[in-house]
2 protein chains.
Amino acid sequence: MEGISKESLQRLPTYLRYLNELHLNGIESVSSTTIADRFKLNPVTVRKDLAFISEDGGKPKTGFSVADLVAEISEFLGYNNTQDAVLVGVGKLGSALLGYKGFSNYGLNIVASFDCKTDIQIDSTKREINNISMLPDLVKRLGVNIGIITVPAESAQAVCDLMINSGIKAIWNFSPTHLITPDNIAIKNEDMAASLAVLSQRLTAILKNE
Amino acid sequence: MEGISKESLQRLPTYLRYLNELHLNGIESVSSTTIADRFKLNPVTVRKDLAFISEDGGKPKTGFSVADLVAEISEFLGYNNTQDAVLVGVGKLGSALLGYKGFSNYGLNIVASFDCKTDIQIDSTKREINNISMLPDLVKRLGVNIGIITVPAESAQAVCDLMINSGIKAIWNFSPTHLITPDNIAIKNEDMAASLAVLSQRLTAILKNE
DNA sequence: TAGATTGTTAATCGATTAACAATC
DNA sequence: TAGATTGTTAATCGATTAACAATC
């Protein structure tokens with residue numbers, strides 16, 4: 001059995017949100033065509049994606065069971081067993097992520113936050129902010145696998161290295177740098193400039209056509 | 001002449017950051033191999049990318065002129081002529097984006113922010129927050145093309161529709177919903193759940209191998 | 001039955017990578 | 001000259017899409 005493609009994987013959370021909506025509205029089944037229309041995809045793409053995670057598949061004429069898909073995608077994405085994470089850099093963006101309730105739906109739980117500017121402090125949401133020097137011990141003690149980086153670009157690589165040395169295995173990087181990491185570490189560089197480049201180029205194309 | 005691929009386009013800002021660093025350090029030329037090593041890419045990929053934006057190309061044995069590449073990528077990405085944008089939803093994430101100095105480097109200038117909760121108010125960084133009802137008039141008056149959405153999922157589609165009706169042509173959506181937009185609108189759904197899905201899956205694969 | 005829908009196989013499309021001659 | 005590096009053509013790889021038989 002082959003692994004799921006990165007593209008399919010990224011579509012699954014989108015499907016799940018939509019399926020949850022349908023579920024709430026009491027809709028029991030849905031066709032690949034309906035899902036495809038919602039997201040401007042080809043129905044075959046949707047069927048291929050769902051074939052990966054669906055046990056029973058769909059039924060000709062009726063489509064897929066909404067409840068089954070919700071359960072199976074949630075399970076596949078690991079939303080049922082929560083992963084712990086630490087966050088470093090409690091500036092504006094870091095605070096925003098700390099305050100975001102949605103992560104619990106995605107099976108992510110930020111257990112501690114760190115900054116270099118403080119000794120133990122309490123932020124506006126009554127969470128402790130620890131000094132960065134406490135990170136290695138805490139990560140080792142709790143066996144945390146995921147690190148979230150929201151520090152300025154200059155310090156991001158140092159924070160990354162510290163995380164890896166402490167035993168972190170996956171890094172979600174929101175600072176505007178491409179971090180250098182060994183191959184046995186999962187890394188996701190969240191690059192706003194890259195996103196904006198795609199958006200701007202499409203905008204330019206649209207303006208040119210009008 | 002073909003358009004640049006989405007993938008190439010997304011790599012360009014990454015190259016540019018690195019090239020700016022080299023430039024600051026007084027390094028005058030760089031080979032595609034060096035750039036490729038930095039980002040774990042194939043050198044041919046880098047050369048293809050640079051071929052798109054580079055006038056003179058590189059020289060055998062020496063490589064590419066750093067200064068030329070910096071100028072050409074900046075120009076290509078539109079970092080030299082700034083685009084105006086409006087932002088709706090001045091919560092934590094919205095405030096973080098408003099406060100982010102880096103956008104000016106990317107040719108993006110947020111000229112006004114809006115929220116539904118307020119009449120005209122002053123936020124912590126002394127910027128005005130306008131009531132959402134002021135948006136259509138301001139967007140039309142200033143001819144703003146870009147809208148940034150940082151409201152909760154429930155209100156995102158309504159904000160999106162309002163933006164489009166007001167003449168916005170490109171939407172950068174940070175709310176956890178996939179927005180429905182006509183084909184003549186540029187849209188970038190910034191999907192944290194999709195990113196996290198990719199990271200988690202890699203993490204699972206790494207943990208399994210150990 | 002008729003028709004909507006599924007799942008699969010084959011064709012297409014696009015991006016990455018390999019191979020290699022050209023050149024400084 | 002020798003060797004590093006470029007740019008391009010061809011091969012490979014992977015994802016999307018088209019075609020179509022199976023089925024409820």
Side-chain angles (χ1 to χ4, degrees), chain A residues 1-15 18-19 22 27-69 72-73 183 194 197-198 201-202 205, chain B residues 1-15 18-19 22 27-69 72-73 183 194 197-198 201-202 205:
Chain A
M1 162 146 171
E2 292 285 311
I4 192 169
S5 81
K6 198 185 155 195
E7 285 78 7
S8 294
L9 188 60
Q10 292 188 93
R11 284 188 292 263
L12 289 179
T14 311
Y15 298 161
Y18 176 59
L19 292 162
L22 297 181
I27 294 165
E28 291 182 356
S29 59
V30 65
S31 73
S32 58
T33 321
T34 307
I35 300 176
D37 284 349
R38 171 65 182 81
F39 301 113
K40 291 186 185 166
L41 297 169
N42 186 299
V44 180
T45 304
V46 176
R47 284 206 288 281
K48 284 249 169 93
D49 290 346
L50 296 184
F52 242 100
I53 54 94
S54 168
E55 171 86 6
D56 298 338
K59 277 185 197 155
K61 192 104 155 116
T62 34
F64 294 79
S65 153
V66 172
D68 285 1
L69 287 183
E72 288 167 330
I73 297 178
D183 288 338
V198 174
Q201 202 217 212
R202 286 193 203 144
Chain B
M1 163 149 169
E2 292 285 311
I4 192 169
S5 81
K6 197 186 155 193
E7 285 78 7
S8 294
L9 186 61
Q10 292 188 91
R11 284 188 292 262
L12 289 179
T14 311
Y15 298 161
Y18 176 59
L19 292 162
L22 297 180
I27 294 164
E28 291 181 357
S29 58
V30 65
S31 73
S32 59
T33 321
T34 308
I35 300 176
D37 285 350
R38 171 64 181 82
F39 300 113
K40 291 187 185 164
L41 295 170
N42 186 300
V44 181
T45 304
V46 175
R47 284 205 289 282
K48 284 250 169 94
D49 290 346
L50 297 183
F52 242 101
I53 55 94
S54 168
E55 172 85 4
D56 299 338
K59 277 185 195 156
K61 191 104 159 129
T62 34
F64 294 79
S65 153
V66 172
D68 285 0
L69 287 183
E72 289 166 330
I73 297 178
D183 288 338
V198 174
Q201 202 216 213
R202 285 193 205 144

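Put simply, CG on B/Leu41 is 15 Å from P on C/dA15, counting in whole angstrom units. Protein atom CZ of A/Phe52 is 13 Å distant from nucleotide atom C1' of D/dG14, rounded to whole Å. For the pair B/Lys61 NZ and D/dA2 C1', the interatomic distance rounds to 8 Å; values are reported in whole Å. As a whole-Å value, the separation of B/Asn42 CG from D/dG7 P is 15 Å. A straight line from CG of A/Asp37 to C1' of C/dA4 spans 14 Å, rounded to a whole angstrom. Rounded to whole angstrom, the span from the CZ atom of A/Phe39 across to the C1' atom of D/dT16 amounts to 18 Å. What separates CG of A/Leu9 from P of D/dG14 is a distance of 17 Å, to the nearest Å. Rounded to whole Å, the distance from CD on A/Glu7 to P on C/dT16 is 11 Å.
For the pair A/Ala51 and A/Thr62, both in contact range of DNA chain C, the more 5′-proximal nearest nucleotide belongs to A/Thr62. Comparing A/Lys48 and B/Ser32 against DNA chain D, the residue whose closest nucleotide sits nearer the 5' end is B/Ser32. Comparing A/Arg47 and A/Pro60 along DNA chain D, the residue whose closest nucleotide (by nearest heavy atom) sits nearer the 5' end is A/Arg47.
Of the candidates C/dG7, D/dG7, D/dT5, the closest approach to any side-chain atom of B/Ser31 belongs to D/dT5.
OP1 or OP2 of D/dT17 lies within a sub-4.0 Å distance of a side-chain N or O belonging to A/Thr45. The phosphate of D/dT16 has OP1 or OP2 within less than 4.0 Å of a side-chain N or O from A/Arg11.
Base pairing of C/dC24 is made with D/dG3, judged by Watson-Crick or G-U wobble geometry with both donor-acceptor distances under 3.5 Å. The pairing partner recorded for C/dT16 is D/dA11, the criterion being a Watson-Crick or G-U wobble arrangement whose two distances lie under 3.5 angstrom.
Within the 4.5 Å cutoff, the side chain of A/Val198 has heavy atoms near those of the B/Lys6 side chain. Between B/Leu12 and B/Ile4, some side-chain heavy-atom pair lies under the 4.5 Å cut-off.
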Evaluation steps, side chain to side chain contact (heavy atoms under 4.5 Å, CB included), between B/Leu41 and B/Ile35
CA-CA 8 Å; B/Leu41 295 170; B/Ile35 300 176; 5.9 Å; no

Between A/Thr45 and A/Arg11, is the side chain to side chain contact (heavy atoms under 4.5 Å, CB included) condition met? List the steps.
CA-CA 10 Å; A/Thr45 304; A/Arg11 284 188 292 263; 3.4 Å; yes

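Ring planes of B/Tyr15 and B/Phe39: tilted class, angle from 30 to 60°.
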